**Q** 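Questions regarding the structure given below will be posed in turn.
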Amino acid sequence: MNERRIFERVIDLCQVQSSSNALNKSLARLAGAAGFDHYAYFRAHPNDNFVATDYPLEWQRHYFARSYMTLDPVVTTAKRGTQVFRWSVDDVRPRVCRELRRFYTEAADFGLKTGLSVSVSAGFGRFAILTFTSSSLSRERGCIAGEISGLGITAAAFLHSRMRNMEHLESNSTPALNARELACLKWSSEGKSMLEIAEILEITYTCVRRNLKRAMDKLGVCKLPQATAAATRRLLI
């Protein structure tokens, strides 16, 4: 699969996947279909690092434990601006400092030997990187220019935007109200008293009060009108 098709598929996936978990799995499958072994999305900022990847967990722990993001040449290149580039550890490993040579050797030990990366500005000093990596050393290296570069940048920007939206939605996820709690809230929003709701649902007054209290707790409010407003705003009732 060539770079054009890879980037087109990234854009497609961003528009059809409804959760970060599904998107991550789809990107991992895309990496494999394109002849790569792994993918990674990394948003970098001193106070706001975020990663979604199928890299080996041991490498992820090792990478962040040693703060390799300050040393990683892909991250260093991405800091210079928006661009699309191919890279290989063996191109530069022989002529770098000992610390960087150790980084390259450890990355290669985990099968991260060559890659295709796209960096984009993420606003307010942040930047995001989309990378596909391979254990093969046969891939081309160097910057990618022209139309393919533009498509890659568009794909990475799409992915960054989609990841941020999913983060926001999932961190502010809809509370899991059960059917009885929702029914009590719905009738309350229609102006029914607790006694009237108890009669309609054929349950006790105490049961209605308990379900409304649970619903308020889950919605993070302390008054019933706030609960019905919050549930309506979130399209729960």
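The first residue in the sequence is number 1, and the count goes up from there. Model, not experiment: these values are computed from the prediction.
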**Q** Any side-chain heavy atom of Thr131 within less than 4.5 Å of one from Val74?
**A** yes
**Q** Output yes when a side-chain donor or acceptor of Glu181 lies under 3.5 Å from a complementary backbone atom of Asn178, and no otherwise.
**A** yes
**Q** Side chains of Asn211 and Ile197, heavy atoms from C-beta outward: is any pair under 4.5 Å?
**A**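 Side chain of Asn211 against side chain of Ile197, heavy atoms only: no contact under 4.5 Å found.
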**Q** Which heavy atom of Lys113 sits nearest to which heavy atom of Ser135, and what is that distance?
**A** CD-O, 3.1 Å
**Q** Between Lys186 and Leu182, is there a side-chain heavy-atom distance shorter than 4.5 Å?
**A** no
**Q** Would you say Thr70's side chain and Ser67's backbone share a donor-acceptor pair under 3.5 angstrom?
**A**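 Looks like yes, one N/O pair under 3.5 Å.
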**Q** Quick check against the 3.5 Å criterion: does Ser26 have a side-chain atom that pairs as donor or acceptor with the backbone of Ala22?
**A**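 Pair found, side chain donor or acceptor close to backbone of Ala22.
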**Q** Evaluate the criterion side chain to side chain contact (heavy atoms under 4.5 Å, CB included) for residue pair Gln15 and Phe158; output intermediate values, then yes/no.
**A** CA-CA 9 Å; Gln15 297 184 82; Phe158 257 87; 4.1 Å; yes
**Q** What pair of heavy atoms forms the shortest contact from Leu201 to Cys184, and how long is it?
**A**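 Minimum heavy-atom separation between Leu201 and Cys184: CD1-SG, 3.8 Å.
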**Q** Under a 4.5 Å cut-off applied to non-hydrogen side-chain atoms, are Glu106 and His62 in contact?
**A** yes
**Q** Assign the ring pair Trp59 / Tyr68 to parallel, tilted or perpendicular, where the plane angle (0 to 90°) is split at 30° and 60°.
**A**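 It falls in the tilted class, 30° to 60°.
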**Q** Kindly indicate whether the side chain of Met163, heavy atoms from C-beta on, has any atom under 4.5 Å from the side chain of Arg43.
**A**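 No; the side chains remain at least 4.5 Å from each other.
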**Q** Scan side-chain atoms only and decide if Thr114 and Trp87 contain a donor-acceptor pair under the 3.5 Å cut-off.
**A**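 There is no such pair (donor and acceptor under 3.5 Å, judged by atom type) between the side chains of Thr114 and Trp87.
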**Q** Determine whether a donor-acceptor pair (N or O, by modelled atom type, separation under 3.5 Å) exists between the side chain of Glu196 and the backbone of Ser193.
**A** yes
**Q** If we only count heavy atoms from C-beta on, is the Asp72 to Phe103 side-chain gap below 4.5 Å?
**A**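 Yes, their side chains come closer than 4.5 Å.
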**Q** Backbone N or O of Thr77 within a donor-acceptor pair of the Gln83 side chain at under 3.5 Å?
**A**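 Yes; judged by distance alone, with no hydrogens or angles, the pair exists.
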**Q** Can any side-chain N or O of His160 pair as donor or acceptor with the backbone N or O of Ala128 at less than 3.5 Å?
**A**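 Pair absent, no side-chain N/O of His160 close to backbone of Ala128.
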**Q** For Val118 and Ile129: C-alpha separation, side-chain torsions, deciding distance, then whether side chain to side chain contact (heavy atoms under 4.5 Å, CB included) applies.
**A** CA-CA 6 Å; Val118 188; Ile129 310 167; over 6 Å; no
**Q** Hey, is Glu8 close enough to Arg5 for a salt bridge, meaning N to O under 4.0 Å?
**A**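 The answer is yes: the pair qualifies as a salt bridge.
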**Q** Could you walk me through whether Ser188 and Leu224 pass the side chain to side chain contact (heavy atoms under 4.5 Å, CB included) check?
**A** CA-CA 8 Å; Ser188 180; Leu224 188 53; 3.2 Å; yes
**Q** Does any donor atom in the side chain of Thr105 or Arg102 lie under 3.5 Å from an acceptor atom in the other side chain?
**A** no
**Q** If we only count heavy atoms from C-beta on, is the Phe7 to Ile153 side-chain gap below 4.5 Å?
**A**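 A side-chain contact under 4.5 Å is absent here.
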**Q** Look at the rings of Phe132 and Tyr39 and say which category their plane angle falls in: under 30° parallel, 30 to 60° tilted, over 60° perpendicular.
**A** tilted
**Q** Just do the side chain to side chain contact (heavy atoms under 4.5 Å, CB included) check on Leu159 and Tyr41 with the steps written out, would you?
**A** CA-CA 8 Å; Leu159 179 61; Tyr41 162 80; 4.0 Å; yes
**Q** Below 4.5 Å, heavy atoms only, C-beta onward: do Leu13 and Leu30 meet side chain to side chain?
**A** yes
